2 protein chains.
Amino acid sequence: MLLYQVIRNHIQSLVAEGRLQAGSKLSSERALQEQFNSTRITVREALARLESEGVIFSQKRRGWFVTPDKLKWHPARKVNFNALAQKQGFVPSTEVIEIQSPSNTHQVSHDYFDSKPVYKLTRARYLDGRGILIEEIYCLADRFEGLEQQPLNGSITQVMEHSYQVNVSHEKCEISVTVLPDRAAELLEKNSGAPCLKVQRARYDEHQALVDYNIEFWLHDAIEMIIEGK
Amino acid sequence: MLLYQVIRNHIQSLVAEGRLQAGSKLSSERALQEQFNSTRITVREALARLESEGVIFSQKRRGWFVTPDKLKWHPARKVNFNALAQKQGFVPSTEVIEIQSPSNTHQVSHDYFDSKPVYKLTRARYLDGRGILIEEIYCLADRFEGLEQQPLNGSITQVMEHSYQVNVSHEKCEISVTVLPDRAAELLEKNSGAPCLKVQRARYDEHQALVDYNIEFWLHDAIEMIIEGK
DNA sequence: CAGTGGTCTAGACCACGAT
DNA sequence: TCGTGGTCTAGACCACTGG
């Protein structure tokens with residue numbers, strides 16, 4: 001058996017047997033290196049595999065930790081992130097990174113909003129203090145005038161319903177696997193190049209008019225999407 | 001700028017400018033090492049990042065290649081894989097790996113089919129000769145008696161409709177990012193530990209009875225899922 | 001300030017692919 | 001058989017975290 005597989009299996013079984021709890025810190029790379037009479041390159045190979053599998057994760061220069069359970073996410077349902085996360089036993093929080101004044105210079109504005117001015121809202125979401133999602137939300141400036149004065153750390157869908165009488169009736173969703181853009185990696189304190197699930201959603205009202213366009217970058221090990229179709 | 005980022009950017013721009021066509025082979029790792037006065041470790045760091053991004057891919061010991069376009073896949077629609085792939089300019093093919101005689105010893109049989117005997121069909125699917133998907137299909141043995149005599153390299157949905165008068169009316173789909181199981185990696189000639197998109201689908205007929213249960217492992221750089229909801 | 005992870009050097013051996 | 005990628009050794013320096 002390959003050495004890095006031995007190290008991998010060892011850590012994996014520690015986690016499986018519960019001897020390493022979710023969120024707890026692993027031994028340092030150099031300690032593992034000594035424990036297995038190996039080198040850091042090989043140890044890091046094992047750690048990288050475990051990270052791909054979603055068993056462990058790293059935060060920049062802080063160390064390696066056991067990955068908590070994944071959030072089960074229903075993108076098509078208009079469920080509140082906070083409520084859903086709480087129901088699954090997490091402590092959720094949301095941080096508004098920035099809201100950009102109406103502008104028509106975004107690519108998204110050109111592609112989806114007929115080059116009209118749009119708001120761009122950037123948020124980060126956390127579970128138990130761990131950053132797991134960066135999202136960008138674009139919506140028409142004149143339809144959602146004064147959006148920057150609304151509470152933006154909760155459900156945008158609810159704000160649209162209650163303050164603007166706009167209802168989302170259906171959506172089109174594109175899902176792919178890629179890496180975090182550098183800016184998102186920074187915000188989530190991940191190394192550049194961390195894999196992620198990218199979800200792009202165009203949401204429409206009952207008149208087939210585009211309500212908003214969202215780009216979400218989820219840590220690949222933090223989410224399981226559930227979709228009920230047809 | 002970090003050295004591996006320099007190498008990464010160099011290859012990325014070669015691809016972006018079209019000087020490296022989709023499917024074509026990159027220089028060998030040792031050639032790149034010399035070109036950048038570096039070491040193979042660093043070169044491989046750059047290649048690994050590009051692979052995560054979906055720009056290049058490797059096949060076991062064969063080398064590194066430029067990733068072709070992604071297949072746009074609509075899991076909820078009853079579209080034929082072959083037809084969809086052809087419409088997007090690919091040459092698709094399907095290989096039956098094995099069909100297991102009815103058995104009630106699978107975990108899936110226990111969890112989803114009330115421990116009744118099920119068929120297990122394993123298939124691989126290819127685009128332009130590149131293996132991109134391993135899928136396992138489970139269905140009730142007594143409902144699909146003689147399934148092993150049906151043509152199994154096309155659409156299973158169509159076989160179910162035409163030969164068994166069973167129609168899929170809705171489905172529940174779970175999507176997550178993980179790594180290929182070793183068996184799947186072998187079949188697709190990928191290194192163990194290659195990232196993938198795992199799609200589990202339970203499909204039901206109009207009487208809410210489970211028709212089949214599928215587990216699909218897609219190469220992470222080969223698919224973009226498109227879902228229209230609500 | 002000590003220890004950690006992130007990056008990098010300069011080699012090596014082996015199994016497998018292409019030829 | 002030769003070159004390739006896959007694995008591995010034995011170090012090094014730096015930036016940053018945490019005490």
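Quantities reported herein were computed from a predicted structural model and do not represent experimental measurements. Quick note on labels: first sequence line is chain A, next is B, and so on, each numbered from 1.
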Cys196(B) and side-chain contact (heavy atoms from CB on, under 4.5 Å): which single residue from Thr178(B), Asp221(B), Val179(B) fits?
Thr178(B)
Partner of Leu127(A) under side-chain contact (heavy atoms from CB on, under 4.5 Å), chosen from Pro92(A), Pro68(A), Ser93(A):
Pro92(A)
To the nearest angstrom, how far is [X] atom [atom1] from [N] atom [atom2]?
{"X": "Glu29(A)", "N": "dA2(C)", "atom1": "CD", "atom2": "C1'", "answer": "17 Å"}
{"X": "Gln33(A)", "N": "dT4(C)", "atom1": "CD", "atom2": "P", "answer": "11 Å"}
{"X": "Arg44(B)", "N": "dT7(D)", "atom1": "CZ", "atom2": "C1'", "answer": "8 Å"}
{"X": "Leu47(A)", "N": "dT4(C)", "atom1": "CG", "atom2": "P", "answer": "14 Å"}
{"X": "Ile41(B)", "N": "dG11(D)", "atom1": "CD1", "atom2": "P", "answer": "16 Å"}
{"X": "Glu186(A)", "N": "dC16(D)", "atom1": "CD", "atom2": "P", "answer": "12 Å"}
{"X": "Gln59(A)", "N": "dT4(C)", "atom1": "CD", "atom2": "P", "answer": "17 Å"}
{"X": "Gln5(B)", "N": "dT7(C)", "atom1": "CD", "atom2": "C1'", "answer": "11 Å"}

Nearest-nucleotide pick for [X], side chain only, options being [options]:
{"X": "Thr39(B)", "options": "dG5(D), dG5(C), dT9(C)", "answer": "dT9(C)"}
{"X": "Leu2(B)", "options": "dT9(C), dG5(D), dT7(C)", "answer": "dT7(C)"}
{"X": "Lys25(B)", "options": "dG5(D), dG6(D), dC8(C)", "answer": "dG5(D)"}
{"X": "Ser38(B)", "options": "dC8(C), dT9(C), dT9(D)", "answer": "dT9(C)"}

Base, sugar-phosphate, or nothing: which does Arg49(A) touch, judged by heavy atoms less than 4.0 Å apart?
sugar-phosphate
Under 4.0 Å, heavy atoms only, any strand: does Ser28(B) hit a base, just the sugar-phosphate, or nothing?
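Contact class for Ser28(B): sugar-phosphate only.
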Examine [N]: is either OP1 or OP2 under 4.0 Å from a nitrogen or oxygen in the side chain of [X]? Give yes or no.
{"X": "Asn191(B)", "N": "dG5(D)", "value": "no"}
{"X": "Tyr4(B)", "N": "dT7(C)", "value": "yes"}
{"X": "Thr42(A)", "N": "dT9(D)", "value": "yes"}

Output yes when Arg125(A) and Glu95(A) qualify as a salt bridge under the 4.0 Å nitrogen-oxygen rule, no when they do not.
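No.
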Arg130(A) charged N/C atom sitting above Phe57(A) aromatic ring, 6.0 Å / 45°
yes
Answer yes or no: is there a side-chain heavy-atom contact under 4.5 Å between Leu219(B) and Leu133(B)?
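SC-SC contact between Leu219(B) and Leu133(B) ruled out.
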5′-ward residue of the pair Phe36(A)/Ser58(B) relative to DNA chain D
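Final value for this comparison: Ser58(B).
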Option passing salt bridge (Lys or Arg N to Asp or Glu O under 4.0 Å) with Arg201(B) (candidates Glu174(B), Glu216(B), Glu136(B)):
Glu216(B)
Pairs satisfying ring-ring contact (aromatic ring centres under 6.0 Å, His included), at least one member in residues 23-54 of chain B, at least two apart
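Listed once each, the pairs are His10(B)-Phe36(B).
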Going by side chain to side chain donor-acceptor pair (under 3.5 Å), name the residues that satisfy it together with Ser38(A), two or more places apart in sequence or in a different chain.
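Counting only residues at least two positions away or on another chain, Ser38(A) forms no side chain to side chain donor-acceptor pair (under 3.5 Å).
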Indicate for each nucleotide in nucleotides 13-19 of chain C, in 5' to 3' sequence, whether protein heavy atoms under 4.0 Å reach the base (B), only the sugar-phosphate (S), or nothing (-).
B-BSSS-
